[in-house]
Amino acid sequence: MIQWQAPKIYLHRGPVDFRKAINGLSLIVEQTMALSPFDPALFVFCNKRRDKLKVLYWDHTGFCLWQKQLEKDKFKWPRKYQDDVVELTAEQFDWLLRGYDILQMQPHQVLQFGTQNTAVF
C-alpha cells in the first residue's frame, strides 16, 4: 500500500471521463475545482460506475497519475455531499481506498480541557 505524504487531499465529487489523463485532469483541477494542480496536494477523481479512481499530483519534477480499479465492488463516493470539492483527511482517504463510506465514519469528538477541568468543545 502506498503511504501518501500530501498535506491536502481534494476529491472531485462528480464523475469524470476516465479517458482523461494528466492534461485533462489538471484542467479539471484548475477550471472546475478552482485549485492549482501544482499545489502540494492529491486530487482524487472517480468514474461514473465508481469502480475506478485516479489520483493526480505534482512532485516538483512533473505530474504523477495513479489509478486503482476494483474488480467486484464500487467506491463509496460521497454523492450527497453539498460541495463539488471535498477535502479529505489522510485517514478518510485511506477509508475510501479500503471501501468504507467516509461520510458515515466519524471519529470521536476531540475534547480539550481548560484549567478549570471543564470540557471545551
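For the single chain, residues carry numbers from 1 onward in sequence order.
A continuous path of ILVMFWY side-chain contacts below 4.5 Å connects Trp95 to Leu70, so both sit in one hydrophobic cluster.
Contact annotation: the side chain of Ile28 approaches that of Val16 to within less than 4.5 Å [non-hydrogen atoms, C-beta and beyond]. Side chains of Val86 and Trp77 form no contact here, defined as non-hydrogen atoms less than 4.5 Å apart. Between Lys48 and Asp51, every side-chain heavy-atom pair lies at or beyond the 4.5 Å cut-off. Two residues are said to be in side-chain contact when any heavy atoms from C-beta on lie closer than 4.5 Å; Val44 and Leu56 fail this criterion.
For the residue pair Leu96 and Phe75, the shortest heavy atom distance occurs at O-CD2, 3.6 Å.
Between atom CG of residue Asp73 and atom CZ of residue Arg50 there is a gap of 9.0 Å, rounded to the nearest 0.5 Å. Atoms CG and SG, from Leu11 and Cys46 in turn, are 8.0 Å apart once rounded to the nearest 0.5 Å. Rounded to the nearest 0.5 Å, atoms CG (Leu97) and CG (Leu53) are 6.0 Å apart. From Gln69, atom CD reaches atom CZ of Arg49 across 8.5 Å, with rounding to the nearest 0.5 Å.
Under the 3.5 Å distance criterion, the side-chain polar atoms of Lys8 are left unmatched by any main-chain donor or acceptor of Glu87.
Under the rule for a salt bridge (charged side-chain N to carboxylate O under 4.0 Å, His left out), Lys74 has no partner lying at least two apart in sequence or in another chain. Partners of Asp59 under the side-chain hydrogen bond (donor to acceptor under 3.5 Å, both in side chains) rule, at least two apart in sequence or in another chain, are Thr61. By the side chain to side chain contact (heavy atoms under 4.5 Å, CB included) test, Lys54 is found to be paired with Phe18, Leu25, Leu65, Gln67, residues two or more places apart in sequence or in another chain being considered. Asp17 is linked by a side-chain hydrogen bond (donor to acceptor under 3.5 Å, both in side chains) to Arg19, counting only residues two or more places apart in sequence or in another chain.
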Show me the side-chain donor-acceptor pairs of residues 33-41 shorter than 3.5 Å, one per line, residues at least two apart or across chains.
| unit_1 | atom_1 | unit_2 | atom_2 | d |
| --- | --- | --- | --- | --- |
| Ser36 | OG | Phe38 | N | 3.2 |

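Identified under the side chain to side chain donor-acceptor pair (under 3.5 Å) test for residues 23-32, with sequence neighbours left out: none.
Screening Trp58, Trp66, Phe93, Tyr10 against Leu42 for a side chain to side chain contact (heavy atoms under 4.5 Å, CB included) leaves a single residue, Phe93.
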